[in-house]
There are 2 protein chains.
Amino acid sequence: MTMAKTTKSELFEFDHPCPIRDVLDRIGDQWSLLILKSLEHNAMRFNSLHREIGDISRQMLSRTLKRLEKDGYITRTVYAQVPARVEYALAELGISFLKPMNTLIQWADENHQAICRARKRQN
Amino acid sequence: MTMAKTTKSELFEFDHPCPIRDVLDRIGDQWSLLILKSLEHNAMRFNSLHREIGDISRQMLSRTLKRLEKDGYITRTVYAQVPARVEYALAELGISFLKPMNTLIQWADENHQAICRARKRQN
DNA sequence: TTTATTAGTCTATAATGTAGACCACTTAAA
DNA sequence: TTTAAGTGGTCTACATTATAGACTAATAAA
């Protein structure tokens, strides 16, 4: 008997029981936040994002952008010119998200030292 | 020529160039936040955390607790009694962290619907 | 003609997360 | 006395995810 295997992420794609888990499973990864912060003050193209972030792989940049777009955090605009010009920009949801996120970033800035000290203390 | 391979996480263990990345690389994983929220109102033992969170593996619970302790978010107290009693509780840093985090959680609650709608819209 | 740009995709490999068996110990019930 | 269940974990085999870097096709500048 063959089973149409359902992965956890498929299972929870819609109507995740816990909002914050749903949000953080997406946004709390390695790269999403960095991308959103890069777009905070101006729209950007694929390759300039790649250069700005530096250590992200093209594949992960591509994937993460798609997810952010799908969830409504960013928009993707293709300009019909040659060579193609694709611009990524914050959508309403992304702008709104960065407000609470920025308070968290501020906390991180203020407490980074304390965390580093804690780490060193314990070897 | 053998190379003493250095992983990225080793490289950035101390003095990570970007505070928020450093913080989110640790806290933004699958489980850390869930654990911190479980400890928000009272200390807990290993197995009750395991039961409360439900779908975390023992290994990940163990690993994540160690990291949270090392970074100073939580404390681990062993009571010299039989059978052993090990309690995990929020440390100062953990309590302080949950303040900005809770505003983000509130945002997630308020915008979860919008995100789900965005996802459905795009297939 | 070589090089660089555009926005990505593809593949092989490395790193990470998972379930679930297992450990030594204690306690309580059958 | 055996059995089961609880304590706080570790270990192993496997599944999932991320990585680097080659590759695409088109265009433009040197």
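Letters A, B, ... are given to chains in the order of the sequence lines, protein chains preceding strands, and every chain is numbered from 1.
- A:Leu49 has its side chain within reach of A:Leu39: a pair of non-hydrogen atoms, C-beta onward, lies under 4.5 Å apart.
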Heteroatom pairs (N/O) under 3.5 angstrom, protein to nucleotides 21-30 of chain D:
none

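- Distances shorter than 4.0 Å separate some side-chain N or O of B:Tyr88 from OP1 or OP2 on D:dG9.
- Looking at B:Leu33 and A:Leu24, their side chains come closer than 4.5 Å, going by heavy atoms from C-beta outward.
- Side-chain contact between A:Met44 and A:Glu52 is present, with at least one heavy-atom pair separated by less than 4.5 Å.
- The distance from the CD1 atom of B:Ile95 to the CG atom of B:Leu90 is 5.5 Å, given to the nearest 0.5 Å.
- Every residue meeting the side-chain hydrogen bond (donor to acceptor under 3.5 Å, both in side chains) condition with A:Glu110, not counting sequence neighbours, appears here in chain and number order: A:Gln106.
- Checked for salt-bridge contact, A:Asp22 and B:Arg119 meet the test: a charged N lies under 4.0 Å from a carboxylate O.
- Between the CD1 atom of A:Ile56 and the P atom of C:dA7 there is a distance of 15 Å, given to the nearest Å.
- Between the CD1 atom of B:Ile53 and the P atom of C:dT18 there is a distance of 12 Å, rounded to whole Å.
- Regarding B:Asp29, its CG atom lies at a distance of 11 Å from the C1' atom of C:dG17, rounded to whole Å.
- Per the geometry, CD belonging to B:Glu87 stands 9 Å off P belonging to D:dG8, to the nearest Å.
- The interatomic distance linking A:Glu69 (CD) with C:dA7 (P) rounds to 14 Å, in whole Å.
- An OP1 or OP2 oxygen of D:dT19 is reached within less than 4.0 angstrom by a side-chain nitrogen or oxygen of A:Trp31.
- Scored by the ring pair (Phe, Tyr, Trp, His ring centres under 6.0 Å) test, A:Phe97 finds A:Tyr73, B:Trp107 as partners (sequence neighbours excluded).
- Atom NE2 in A:His50 sits about 11 Å away from atom C1' in C:dA7, given to the nearest Å.
- Mapped onto DNA chain D by nearest heavy atom, B:Ser62 and B:Arg51 fall at different nucleotides, with B:Arg51 at the one closer to the 5' end.
- Sorted by first and then second residue, the pairs that involve residues 81-95 of chain A and meet salt bridge (charged side-chain N to carboxylate O under 4.0 Å, His left out), not counting sequence neighbours, are A:Arg85-A:Glu87.
- Separating the CG atom of A:Asp55 from the P atom of D:dT19 is a distance of 8 Å, rounded to the nearest angstrom.
- Rounded to an integer number of Å, the gap from CE of A:Met60 to P of C:dA7 is 19 Å.
- Residues satisfying the salt bridge (charged side-chain N to carboxylate O under 4.0 Å, His left out) test with B:Glu40, not counting sequence neighbours, are B:Lys37.
- Annotation: proximity of residues 35-47 of chain B to DNA chain D (heavy atom, distance under 4.0 Å) is found for B:Arg45, B:Phe46, B:Asn47, numbered in ascending order.
- Between A:Lys66 and C:dA7 there is no side-chain N or O to OP1 or OP2 distance below 4.0 Å.
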